[in-house]
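Working notes, structure below.
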Amino acid sequence: MIPTLILFGLVAGRWWRTTLLAGTLGWPILLLAQDIVRPGAGLLPVFLLAVVNTGAGVLVHQTVFRGAAWLRDIREDRARG
């Protein structure tokens, strides 16, 4: 469960808003459809876990993505002199 959401965040993290929304809504819907959880008060922790775990994957993706862009900018600046 948790690795699936982290992997989803890592793969689709470039579109972080859409990824967080899809992970936060999609995972609880999937668990409801498979009758793993029941509607009600017990669903709130499922939503929270979904957003936190998807967010962890997105955070790693965005860190690597932005870090690579930053390094590319530095290299281009040095190449120009």
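Each residue takes its place number in the sequence, starting with 1.
Shortest non-hydrogen contact noted between Phe8 and Ala22 is CZ-CB, 4.0 Å.
Rounding to the nearest 0.5 Å gives a distance of 10.5 Å between CD1 of Ile29 and OG1 of Thr24. Interatomic distance, Thr19 OG1 to Leu5 CG, rounded to the nearest 0.5 Å: 11.5 Å.
Hydrophobic clustering of Ile, Leu, Val, Met, Phe, Trp and Tyr side chains at less than 4.5 Å, counting indirect connections, keeps Trp27 apart from Ile2. Hydrophobic clustering places Leu30 together with Val37 (ILVMFWY residues linked when any side-chain heavy atoms are closer than 4.5 Å, directly or through intermediates).
Every residue meeting the side-chain contact (heavy atoms from CB on, under 4.5 Å) condition with Arg80, not counting sequence neighbours, appears here in chain and number order: Glu76, Asp77. Shown here are the side-chain contact (heavy atoms from CB on, under 4.5 Å) partners of Ile36, two or more places apart in sequence or in another chain: Leu31, Gln34.
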Side-chain donor-acceptor distances from residues 41-65 under 3.5 Å, at least two apart:
residue	atom	partner	partner atom	Å
Asn53	ND2	Leu49	O	2.9
Thr54	OG1	Ala50	O	2.7
His61	ND1	Leu10	O	2.8
His61	NE2	Arg14	N	3.1
Gln62	OE1	Arg66	NE	2.9
Gln62	OE1	Arg66	NH2	3.2
Gln62	NE2	Gly13	O	2.8
Thr63	OG1	Leu59	O	2.7

